[in-house]
There are 2 protein chains.
Amino acid sequence: MAGLRAKHKAERADRILAQAMALFHEASFDAVRMEDIAAAAEVSTGTVYNYFATKGDVLLALVSLEVEEVLELGAAVVAAPPEGLAEALDALIGGYYEHSLTYLTKDLWRQAIALTIGAPGTRFSLIYAGLDDRLRAQVADLLIACRGQLRPGLALAPLADMIFGSLNQAFTDFVRVEEMEMASLLTAMRARHAALAQALA
Amino acid sequence: MAGLRAKHKAERADRILAQAMALFHEASFDAVRMEDIAAAAEVSTGTVYNYFATKGDVLLALVSLEVEEVLELGAAVVAAPPEGLAEALDALIGGYYEHSLTYLTKDLWRQAIALTIGAPGTRFSLIYAGLDDRLRAQVADLLIACRGQLRPGLALAPLADMIFGSLNQAFTDFVRVEEMEMASLLTAMRARHAALAQALA
DNA sequence: CTTCAAAAATGAACCGACCCCATCCTGAAT
DNA sequence: ATTCAGGATGGGGTCGGTTCATTTTTGAAG
């Protein structure tokens, strides 16, 4: 049966993740050693590697948590978007951004993004890319949901790709600069959405 | 005087860079060790660190070469843009992309981008960000140069930021997938530019 | 020439991620 | 209770980037 053994296993994985999260909030990703995580979770270093193939995979598990919740939030917006393209984009994308620091720090996002780019083809990168694609699809869905308010005959798919590319890059720029405030990110994006909505109306 | 000493120093730096470039084209960035670069340049490992503070700084020197040339190309396009916004964007951005693999490989771009994101505040990251800003400014300049062909009253600055964000992200996506062809990147971007130009006309 | 302080080169040593493996522990099936 | 397989253990090892104390080279002054 899958009883105690599996339960212990799940508990151990949870404990490792929880401790890793705590340590990553106290110090930077780089400053936390696998040995530290193991010690905090009261297991041996080897055991951590039994659950997570690399330090990056520990991070990925934390990122997934965050992104799954962001996707849920986004689905709600797409299902009932506010009036007006600019407002709808503000709601969706602002929602992404505002939730993004619930569990993770800017440093953790930086390391996650750097890993996806620097190590493509790894488990980490593939899963991360999958999450990204689901976000991209949500943006496209929102445009489609709002198409009644747009000039007819527009090529929505390339526009959605452009919007997603731009929001993704803006987020990367945001986490890259430790001092940048969430408010200024939101303001900048609102300006973009307003300009775009004006052009597409 | 500045004679022999400085000359030798410059020569050695060049030799290290040239050998690094050659090795990076034979194997991946990660697979090339600092020791290999040192051996190829016929100096000791420590000496390489005398010239470049980190492995990333070696890469940065190569990236700068590439980007400086791209910026020159771009300046020519901005000075005399082709008729039509879509055509102008195709020329500028297509020019960026097509030159980007002259000296560097996709792998080198990936590592460079990953480093800027993962290690902000380092010399590497700051210089890279500076190059990026000059590209961003060029896109804004092109929009201004084309403003006669656009609907009046548009907020050009946010639009330029959005276009730049999207082209940057598209490039990152391009280098992330080893199999993706330059032609398909160019095609995708042409679709975006056409859609945008239609909306802004 | 010789001298010498500064500049530069050197390579051994350090550190942390990751791997390996001989050994021990523990839950489940008999 | 006993057996046994799947994990856990943790010490030792590899690897590569980076550091640093030490040695060598340099070029200008005496």
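So you know, we letter chains A, B, ... as the sequences are listed, proteins then strands, and number each from 1. Values reported hereafter were calculated over all heavy atoms of this structure, with side chains retained and with hydrogens, waters and symmetry mates removed.
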Donor-acceptor under 3.5 Å (B/T47 side chain, B/N50 main chain):
no

Is there a donor-acceptor pair closer than 3.5 Å between any side-chain N or O of A/R110 and the backbone N or O of B/P120?
no

Counting only heavy atoms and a strict 4.0 angstrom limit, can you tell me which residues of residues 28-39 of chain B come near DNA chain D?
B/V32, B/R33, B/M34

Under 4.0 angstrom between B/R12 side-chain N/O and C/dA8 OP1 or OP2
no

Would you call B/L101 and B/F174 a side-chain contact if the rule is heavy atoms closer than 4.5 Å?
yes

Using ring centroids (six-membered ring only for Trp), state whether A/F171 and A/W109 fall under 6.0 Å.
yes

Interatomic spacing from CG in A/D14 to CD in A/Q19 - rounded to 0.5 Å:
11.5 Å

Roughly how many Å is it from CD in B/Q111 to P in D/dG17, rounded to a whole number?
12 Å

One should read off an interatomic distance between A/S100 OG and A/E98 CD, to the nearest 0.5 angstrom, of 9.0 Å

Distance-only donor-acceptor check, side chains A/T116 and B/R176, under 3.5 Å
no

Would you mind reading off the distance between B/E42 atom CD and C/dA9 atom C1', rounded to a whole angstrom?
14 Å

Using the salt bridge (Lys or Arg N to Asp or Glu O under 4.0 Å) rule, take B/R134 and B/E68 through it: C-alpha gap first, then chi angles, then the decisive distance, then the call.
CA-CA 10 Å; B/R134 287 162 68 193; B/E68 290 294 347; 3.1 Å; yes

Per the under-4.0 Å heavy-atom filter, residues of residues 43-66 of chain B near DNA chain C come out as B/V43, B/S44, B/G46, B/T47, B/N50, B/Y51

Given 3.5 Å as the limit, does a donor-acceptor pair link the side chain of A/Q149 with the main chain of A/L85, or not?
yes

Can you pull every protein N or O that's under 3.5 Å from an N or O on nucleotides 21-26 of chain C?
unit_1 : atom_1 : unit_2 : atom_2 : d
C/dT26 : O2     : A/R5   : NH2    : 3.1

Is it the case that atom CD in A/E11 sees more than 12 heavy atoms from other parts of the structure closer than 6.0 Å?
yes

